[in-house]
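These values consider heavy atoms only, across backbone and side chains, with no hydrogens, waters or symmetry-generated copies. For ligands, and for the atoms within them, numbers begin at 1 and follow the listed sequence.
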Amino acid sequence: MGLLIKNGKIVNADMSFHGDIYCEGEKIVAIADQISAKENDDVIDAEGCLIMPGGIDPHTHMELPFMGTVASDDFYSGTRAALAGGTTTIIDFVIPNPQQDLMEAFQQWQEKAEKAATDFSFHVAVTWWDDSVSEAMGILAKEHGVNSFKHFMAYKNAIMADDEVLVNSFKRARDLGAIATVHAENGELVFRLQQEMLEQGITGPEGHPLSRPPEVEGEAANRAIEIANLMNVPIYLVHTSCQQAVDAIARARANGQRVYGEVLPGHLLLDDSVYRDPDWSFAAAHVMSPPFRPKGHQQHLWKALQAGTLQTTATDHCCFCDPQKRNGEDDFTQIPNGTAGVEDRMHVMWHHGVNTGRLTENEFVAVTSANTAKIFNVYPRKGVIRVGSDADLVIWDSEKTRTISKQTHHQNVDFNIFEGMEVKGVNTHTISRGDLVYKEGNITAERGRGKYIKRPLYSADSKALQLNSAQRKASPVIRNT
Ligand code: URP
Ligand code: ZN
Ligand code: ZN
């Protein structure tokens with residue numbers, strides 16, 4: 001018994017065309033102008049709709065233990081919500097405590113994720129350094145399909161990676177054929193500015209953006225990119241939020257360096273006025289890092305996404321309910337950092353990207369799935385509608401509307417940063433590895449149906465990776481101009 005989707009317009013990152021799609025088991029097995037149903041096939045008529053690859057969210061934190069509490073969406077509730085919003089794969093983060101064995105942390109996250117309803121993969125954070133960390137990176141990369149290692153340049157006295165960790169880990173990632181990823185904020189500066197705010201009596205959420213200005217992100221972005229250049233490893237900057245970081249990425253890319261950037265819908269659409277709202281709960285609900293920026297940064301982020309300087313969209317989905325945010329009632333530095341969005345990313349990006357003319361439908365696919373699949377090396381298994389690919393699909397009605405609200409969303413959190421936003425263009429059906437898991441408001445995905453997705457290493461021997469070091473040896477002065 002197969003699943004046949006008829007009469008839709010198939011939209012990939014490279015082209016759109018009309019055709020039928022036949023799925024058998026977990027895969028797409030045929031695409032043609034007309035495919036006839038066999039006995040017992042399930043048939044969906046997608047007349048008037050688009051069919052696109054299921055979304056891939058490369059940045060989520062389900063049930064993350066963080067800042068004295070645990071993120072409120074777990075791997076089941078969060079991935080159910082993802083499916084409702086058309087996202088069929090997430091890449092979450094294993095974040096070992098400093099001194100914790102990376103393999104032990106990886107095992108803990110695998111156990112937590114057993115209940116996932118979407119497919120999932122893991123970046124692994126490097127939060128400290130010694131030979132055992134280097135060895136574990138090798139095991140994770142070679143045996144467990146981890147091809148990306150994350151570095152938090154912020155969160156001093158917790159999970160922050162200092163320059164020694166960055167240099168060692170970037171070098172190791174390069175030798176393995178993995179990619180380095182960073183949360184780019186200078187944690188030392190954040191710490192200093194937080195103390196200054198508190199000394200001045202600024203204890204509310206308005207202190208959050210004041211202690212994390214764009215310069216803090218710009219400095220870290222430039223530093224991480226330059227370390228990656230010298231260590232000759234590709235680098236990916238998560239949640240790029242400001243012009244300073246975009247400029248750092250653009251400069252490096254123009255210089256031939258392999259640098260990638262991610263942006264969140266929140267940073268594209270919200271600004272820092274939310275932190276000055278007199279309602280403490282409202283302001284605290286927006287506390288995430290990097291913070292939402294003064295409005296002017298938004299146009300730089302949109303243009304960078306349009307220009308390809310930034311390639312992916314993510315959510316950094318990390319939910320905390322009001323009672324959890326209240327841990328920082330008297331001190332903004334203790335408000336758990338994080339906001340939700342895994343259910344809303346596709347809708348918000350379509351509405352504000354495609355409906356405004358900023359993105360074509362094909363570019364929408366590029367920035368919501370295909371580019372992520374390519375950068376993190378799961379393409380063409382994911383991120384494209386092609387024979388042989390996983391049958392991860394959304395059927396999209398570009399005329400249908402949804403009003404985003406905490407009253408109706410499936411995310412396990414009591415707030416939505418896009419509350420009241422009416423979006424036009426939503427998925428009517430979500431199909432994950434051949435299973436119809438969401439249909440017009442009903443989520444039927446079973447707990448635990450999600451699969452762990454291994455991501456192969458990039459070739460550590462490739463000429464592309466060697467190019468920078470060869471150039472450096474030949475002409476160090478040119479590299480520095
Ligand atoms: O505020 C955020 N972004 N919380 C989650 C952890 C991180 O920095 O990505
Ligand atoms: Zn981060
Ligand atoms: Zn994050």
* **Proximity to ligand 1 by part of His183, non-hydrogen separation under 4.0 Å** => side chain

* Asked: So which protein heavy atom does atom 4 (N) of ligand 1 come closest to, and at what separation?
  -> Asn337 O, 3.0 Å

* At their closest point, which heavy atom of Thr60 faces which heavy atom of Thr315, and how far apart are they? -> CG2-OG1, 4.1 Å

* To do: Counting heavy atoms only, name the option from Thr339, Leu264, Asp316, Thr315 that's nearest to atom 2 (C) of ligand 1.
  => Asp316

* Structure fact -> If you scan protein heavy atoms around atom 7 (C) of ligand 1, the nearest is Tyr155 OH, 3.5 Å

* Asked: What about Ser289: any of its N or O atoms under 3.5 Å from an N or O on ligand 1?
  -> yes

* **Pair Arg223 + Glu219: basic N to acidic O under 4.0 Å** => yes

* Kindly say whether the aromatic ring centers of His347 and Phe418 come within a distance under 6.0 Å. => no

* Give the ring-plane orientation class for Trp396 versus Phe364, where under 30° counts as parallel, over 60° as perpendicular and anything between as tilted. => tilted

* Asked: Side chains of Gln194 and Thr333: is there a donor and an acceptor less than 3.5 Å apart?
  -> no

* To do: Tell me, please, whether Phe320 has Lys325 positioned over its six-membered ring: NZ or CZ under 6.0 Å from the ring centre and within 45 degrees of its axis?
  => no

* Just the protein N/O/S atoms under 2.8 Å from the Zn ion (ligand 2), please, no waters. => His183 ND1, His239 NE2

* To do: Assess the pair Phe149 and His123: is the distance between their ring centroids shorter than 6.0 Å?
  => no

* Does Glu329 pair with Arg326 as a salt bridge, N-O distance under 4.0 Å? -> yes

* Asked: Between Tyr275 and Phe292, how do the two ring planes meet: parallel, tilted or perpendicular, split at 30° and 60°?
  -> parallel

* Met288: numbered ligand 1 atoms lying under 4.0 Å from its heavy atoms -> 1 (O), 3 (N)

* With Glu135, which residues qualify under salt bridge (charged side-chain N to carboxylate O under 4.0 Å, His left out), at least two apart? -> none

* **Atom name, His61 (N, O or S, nearest to the Zn ion (ligand 3))** => NE2

* Asked: Counting each atom of ligand 1 from 1 as listed, which ones have a heavy atom of Gly338 under 4.0 Å away?
  -> 1 (O), 4 (N)

